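I have placed the structure first, in the form of structure tokens, so that the comments after it can refer back to it.
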2 protein chains.
Amino acid sequence: MNTTPAFRALGDPTRRAILDLLAEEERPVGALVDRFAMSQPALSQHLRVLRDAGLVTPRKDGRRRLYRVQGAPLEGVHDWVGRYERFWSARLDALGAYLDDERSR
Amino acid sequence: MNTTPAFRALGDPTRRAILDLLAEEERPVGALVDRFAMSQPALSQHLRVLRDAGLVTPRKDGRRRLYRVQGAPLEGVHDWVGRYERFWSARLDALGAYLDDERSR
DNA sequence: TTGACATATAAGCGATGCCTTATCTAAAGT
DNA sequence: ACTTTAGATAAGGCATCGCTTATATGTCAA
């Protein structure tokens, strides 16, 4: 699985905020437009990036498109970041320091 | 904690690869230059982005700078993504489908 | 102290990103 | 049929990105 489009999509704070809103519930584009200080096309473009990254999917409902989160690509992101857990866990940081110390002996 | 610089830094695949190398062990810039098909300044610039995001720190060693991972900002990233776990977990996806079904009844 | 080495910074360039306004398509309401 | 509504796409502007080559800074070695 290629996580690059997902990582790139998450690089923009507006897109993360969109995901946060869609995580609460499925929403039409208009509901998102109401929440951001930018034009409707700008939102549609962000949604396209998210769609292309597989992070959201639209569902037709009359003339509206209801977007929902499609989380699968986030698992790869989560896993990648998770491999760094020892770099922020205090206990394992201590272990890291110990190993560094050992190595320099 | 502001996770935006970290998310943005991780958006580039070269920088993720740099982190992967530094996660194995502390390395000088030259060791990274050897691993990528790009110039030394390009690497130094990627390292600057990672440094500014708090993801790596250099340590002086003679005329070299040894870079190491500084994982703290990744915890915020991991937490943010972790909130989406239900969107990729099969069991909870089934629950989600069930709830959607209930709602539309 | 002179020269080689390791890295950072500067300047510039083409590609990409994020926004805008204008327009197109499709579905509803009248 | 015409108009309105919801959304996507097109085109263009300006900033930022990711690279390059050239140069500056600091350290080691002869």
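Just so we're clear, the structure is a prediction, and the values are computed from it rather than from any experiment. Throughout, protein chains are lettered first and strands after them, A, B, ... in sequence-line order, and every chain is numbered starting at 1.
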- Item | Any pair counted as side chain to side chain donor-acceptor pair (under 3.5 Å), so long as it reaches residues 41-50 of chain A, sequence neighbours left out | A:Arg15-A:His46, A:Gln40-A:Ser44
- Note on the structure: Taken to the nearest whole Å, CZ/A:Arg59 to C1'/D:dA6 is 16 Å
- Does A:Glu26 reach the side chain of A:Arg59, with side-chain heavy atoms less than 4.5 Å apart? yes
- Residues forming a side chain to side chain contact (heavy atoms under 4.5 Å, CB included) with B:Asp61, sequence neighbours excluded: B:Arg64, B:Leu66
- Qualifying salt bridge (Lys or Arg N to Asp or Glu O under 4.0 Å) pairs with a residue from residues 69-80 of chain B, counting only residues at least two apart or across chains: none
- Query: Which value, rounded to the nearest 0.5 Å, describes the distance between A:Leu55 atom CG and A:Leu74 atom CG?
  - Reply: 5.0 Å
- Check the distance between D:dC17's P and B:Phe7's CZ and give it to me in whole angstrom. 17 Å
- Counting side-chain heavy atoms from C-beta on, which of D:dT5, D:dG18, D:dT27 comes nearest to B:Arg63? D:dT27
- Note on the structure: B:Asp34 atom CG is separated from C:dA6 atom C1', nearest whole Å, by 12 Å
- Return the set of residues passing side chain to side chain contact (heavy atoms under 4.5 Å, CB included) with A:Ala72 (not counting sequence neighbours), or none when no residue passes. none
- Item | Pairs involving residues 52-79 of chain A, ordered by first then second residue, that meet ring-ring contact (aromatic ring centres under 6.0 Å, His included) (sequence neighbours left out) | A:His78-B:His78, A:His78-B:Trp88
- Message: Using five base pairs at each end to define the local axes, how bent is the helix from C:dT1-D:dA30 to C:dT30-D:dA1, to the nearest 10°?
- Response: 10°
- Message: Strictly below 4.0 Å: does A:Ser39 bring a side-chain N or O up to OP1 or OP2 of C:dT20?
- Response: yes
- Task: Sequence neighbours left out, what passes side chain to side chain contact (heavy atoms under 4.5 Å, CB included) with B:Ala42? Give chain and number order.
- Result: B:Met38, B:Ser39
- Whole Å only: how far is the CG atom of A:Asp12 from the C1' atom of C:dC19? 11 Å
- Roughly, in whole Å, what's the span from CZ in B:Arg64 to P in D:dC28? 11 Å
For nucleotides 8-10 of chain C, which of its nitrogen or oxygen atoms have a protein nitrogen or oxygen under 3.5 Å away, and what is each distance?
residue : atom : partner : partner atom : Å
C:dA8   : OP1  : B:Tyr67 : OH           : 2.5
C:dA8   : OP2  : B:Ser44 : OG           : 2.7
C:dA8   : N7   : B:Gln40 : NE2          : 2.8
C:dA8   : N6   : B:Gln40 : OE1          : 3.4

- Residues two or more places apart in sequence or in another chain: which of them pass ring pair (Phe, Tyr, Trp, His ring centres under 6.0 Å) with A:Tyr84? A:Trp80, A:Phe87
- Rounded to whole Å, CZ of A:Phe36 lies from C1' of C:dT20 at a distance of 18 Å
- Between A:Lys60 and C:dA26, does any side-chain N or O lie under 4.0 Å from OP1 or OP2? no
- Item | B:Met38 side chain, from C-beta outward: closest of C:dG17, C:dT20, D:dT20 | D:dT20
- Give the rounded distance in Å between these two atoms: CG of A:Leu66 and P of D:dA6. 13 Å
- Examine D:dG18: is either OP1 or OP2 under 4.0 Å from a nitrogen or oxygen in the side chain of B:Arg15? Give yes or no. yes
